[in-house]
Amino acid sequence: MFERFTKDARTLVTTAVHDAEADGAARVDTLHLLTAALDPTGTAGSTGALALLAALDVTPAEVAGGVDELRRHGGLSDTDRRALGDLGIDVDTIVARVEDRHGAGALADGPEGSTEPGARSSRGRRTRNRWHMPFGDDAKRVLRASLRQALDVRDNDIGSEHMLQALAAVPGPAADVLAAAGVSAERLRGALLQRRRAA
Amino acid sequence: MTDATELATRAGDSDPRTGLRAVAALRRLLERLEAVQVRSARVSGWSWQEIADELGVSRQAVHKKHGRR
């Protein structure tokens, strides 16, 4: 499948892997992919994903802010929090208690995970190649969905724009952040089809 | 407004989507909580074996999952 990825999409995946590593995360998740999709560096300032977002009048900063907020809440979106609240689980209380005991942002995957210099053995670091950073199930689902999205609009290659669409289509935190910013898979698809017609 | 909210709440009760979403969210929250607690235990000087015993998993499993942090 990767041979069908455009340079854009490959850069997105590589950036996501780098971000996950820098975060000290155990796996690449959909939020890493989403953050990478918002990143203009390394691609001469514009990507298919950013152009598509711009077509919907949504700024990358808007979405990025949503990602940060969600990370702080242990990767749980408003929809997640409501669903858990329905069961009587108050996520805000959990976040507050954990931050009270373990510091602000404790539930976010982050560099603060490195509070244990002794255990961060040089052996572990050396043997870990960035390509060994595993993808989480959600992130894998997004990669697979991006192929479907490309086929759906009859594009031969998978670009970052199809990955953005997949991120909006696969239920989960990334889709929730996008939805909160007014970005849905349907709107993205509409913009993609319009682009095709205009081309 | 309140009617709409109530309606949405009631619909949520019977919507399998809400229940399934709660399970998926709980799983994610669990992973994060585990990472925080394991890290905290390590900082407090707990051995991997002690942490594994409390979590009810093997020492290898907990080390493989959290050892590189």
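Here is the naming used below: chain letters follow the sequence lines, and residue numbers restart at 1 for every chain.
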A/Asp29 (side chain) donor-acceptor with A/Gly136 (main chain) under 3.5 angstrom
no
Run the salt-bridge test on A/Asp68 and A/Arg71 with the 4.0 Å N-O cut-off and return the result as yes or no.
no
What part of A/Asp176 lies closer than 4.5 angstrom to a heavy atom of chain B: side chain, backbone, both or neither?
side chain
Non-hydrogen atoms of chain A under 4.5 Å away: do they reach the side chain of B/Leu20, the backbone, both or neither?
neither
Which answer fits A/Leu87, side chain, backbone, both or neither, if we ask what part of it has an atom under 4.5 Å from a heavy atom of chain B?
side chain
Please tell me whether B/Leu30 and B/Ile51 are part of a single hydrophobic cluster in this structure, the criterion being side-chain heavy atoms less than 4.5 Å apart.
no
Answer yes or no: is there a donor N or O on one side and an acceptor on the other, between the side chain of B/Asp53 and the main chain of B/Glu50, under 3.5 Å?
no
